Number of protein chains: 2
Amino acid sequence: MKHTLSALVRNEPGVLAHMARHFGEAKLNINSIACGETENPDISRMVIRIEANPERISRITERMQALDVVIQVDDLSRKEFVDRELALIKVALTPEDTAQIMQIFEVFRADVVGMGQRSVTVELTGDEARVDGLIKMLKPYGILSMCRTGTIALKRGDE
Amino acid sequence: MKHTLSALVRNEPGVLAHMARHFGEAKLNINSIACGETENPDISRMVIRIEANPERISRITERMQALDVVIQVDDLSRKEFVDRELALIKVALTPEDTAQIMQIFEVFRADVVGMGQRSVTVELTGDEARVDGLIKMLKPYGILSMCRTGTIALKRGDE
């Protein structure tokens, strides 16, 4: 099962290495990671998507929590949360496919952000399933390059 | 100056630790990192935003390029590229501020993705300056929590 861990960490050089080493040593493969600033410039939020059984997840969560650089870790898989990711996808464009591709973009409400002579680049925001869905639809036309942010998430409600 | 490095890396356990160690050893602080799957499941794309002078950037780029797990590194600061990031922001909501906050969301075309009794959560996609802009506007009302993906980027044109 895929888990989403959200950690508040100190914004210092070496923090990512520290965290990543623990994941590497535990032989856990990270599906995606997104790490950016929070409302406080001294603190970053790291959201990690990882596939493992619950015991391994609680073991790694405990290890993370024990690190000096880690302020808080939440396993968001257990809580209600809003999750989103962003993808940029460059897909091959031929005159005969244009109408169909544009229709797919419309269905997914994907925004065109760039146009080349033989390609079009779109951005899509949504949960993982939605992004996977668009990629699946575009694959037959030829995906030239692609970039996904990985999931970020916030708890639902006022907390 | 801020640089955006985009690396294609093998999707294996320990790769992130490997990369992060090099940044930590070079005492470079990462502003943001986003790592997710690409069109090829064996390969991930890592986009790293980092502030450093050009010599340090070319040194770290060379070191990354020399790693077995790294397939390709581009310094996107030197090239034309589309860059985007995604933010989820939960802001405090009181009846007297509601109209103003909703107007700010409209100006930035930020989408409401969750509502609590005392808060509202929005998502915004845009370049770094746009996300910074919205955060600045919302700060006076009280940002309760926030999560940014970090920048992802694709080259402009057909390449």
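None of these values were measured; they are calculated from a predicted model. First the proteins, then the strands, lettered A, B, ... as listed; each starts at 1. Because only heavy atoms are used, hydrogens play no part in the values below, and waters and symmetry mates are left out as well, while side chains stay in.
For Val15(A), no part lies under 4.5 angstrom from a heavy atom of chain B. Asp111(B) does not touch chain A: none of its heavy atoms, backbone or side chain, sits under 4.5 Å away. If you measure heavy-atom distances from Glu37(B) to chain A, the contacts under 4.5 Å come from both the backbone and the side chain. Within the 4.5 angstrom heavy-atom criterion, atoms from both the backbone and the side chain of Gln117(A) approach chain B. If you measure heavy-atom distances from Glu12(A) to chain B, the contacts under 4.5 Å come from the backbone alone. At a 4.5 Å heavy-atom cutoff, Ser44(A) makes no contact with chain B through either its backbone or its side chain. Proximity to chain B is limited to the backbone of Ala153(A), based on heavy atoms less than 4.5 angstrom apart.
Each of Arg156(A), Lys27(A), Arg84(A), Glu25(A) has some count of heavy-atom pairs under 4.5 Å with chain B, and the biggest count is that of Arg84(A). If you tally non-hydrogen atom pairs under 4.5 Å between each of Asn40(A), Val113(A), Ile143(A) and chain B, the highest count goes to Val113(A). Of the listed residues (Arg21(A), Glu39(A), Arg45(A)), the greatest number of heavy-atom pairs within a distance under 4.5 Å of chain B belongs to Glu39(A). Of the listed residues (Ala17(A), Gly150(A), Cys35(A)), the greatest number of heavy-atom pairs within a distance under 4.5 Å of chain B belongs to Cys35(A). Between chain B and the options Gly36(A), Ser32(A), Ser145(A), heavy-atom pairs under 4.5 Å are most frequent for Ser145(A). Between chain B and the options Ser6(A), Gly24(A), Ala34(A), heavy-atom pairs under 4.5 Å are most frequent for Ala34(A).
Residues Thr4(B) and Thr151(B) have side chains that never bring a donor and an acceptor to within less than 3.5 angstrom of each other.
Smallest separation of non-hydrogen atoms from Ile71(B) and Gln65(B): O-NE2, 3.7 Å. The shortest heavy-atom contact between Met19(A) and Ala7(A) is CE-CB, 4.4 Å. Closest approach of Asn11(A) to Pro41(A), counting heavy atoms only: ND2-O, 3.1 Å. Minimum interatomic distance between Ser119(A) and Gly157(B) (heavy atoms only, all atoms of both residues): OG-O, 3.5 Å. Between Leu67(A) and His22(A), the shortest heavy-atom distance links the atoms CD2-NE2, 3.2 Å.
Residues Ile43(A) and Leu5(A) do not share a hydrophobic cluster, clusters being chains of Ile/Leu/Val/Met/Phe/Trp/Tyr side chains in contact below 4.5 Å. The same ILVMFWY cluster, assembled from side-chain heavy atoms under 4.5 Å apart, contains both Val70(A) and Ile33(B). Linking Ile, Leu, Val, Met, Phe, Trp and Tyr whenever their side-chain heavy atoms come within less than 4.5 Å leaves Phe23(B) and Ile152(B) in two separate clusters. Met146(B) and Val73(A) fall into different hydrophobic clusters, where Ile, Leu, Val, Met, Phe, Trp and Tyr residues are linked whenever their side-chain heavy atoms come under 4.5 Å apart, directly or through other members. In terms of hydrophobic clustering, with Ile, Leu, Val, Met, Phe, Trp and Tyr side chains grouped at heavy-atom distances under 4.5 Å, Ile60(A) and Leu16(A) are assigned to a common cluster.
Of residues 127-136 of chain A, not one residue has a non-hydrogen atom less than 4.5 Å from any non-hydrogen atom of chain B. Heavy-atom neighbours of chain B within the stretch residues 86-109 of chain A, taken at a separation under 4.5 angstrom, comprise Leu86(A), Ala87(A), Leu88(A), Ile89(A), Lys90(A).
The environment of Asn53(B) atom CG is dense: over 12 non-hydrogen atoms of other residues, nucleotides or ligands sit within 6.0 angstrom. In the displayed structure, Lys2(A) atom NZ is contacted under 6.0 Å by more than 12 heavy atoms of other residues, nucleotides or ligands.
Rounding to the nearest 0.5 Å places OG1 of Thr121(A) at 8.5 Å from CG of Asp158(B). Rounding to the nearest 0.5 angstrom, the gap separating the CD1 atom in Ile50(A) from the OG1 atom in Thr61(A) is 8.5 Å.
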Next on the checklist: Go through it in stages, so that I can follow the logic: the residues are Asp74(B) and Lys155(B), the test is salt bridge (Lys or Arg N to Asp or Glu O under 4.0 Å), and I'd like the CA-CA distance, side-chain angles, deciding distance and then a yes or no.
Outcome noted: CA-CA 10 Å; Asp74(B) 280 313; Lys155(B) 280 183 216 166; 3.5 Å; yes
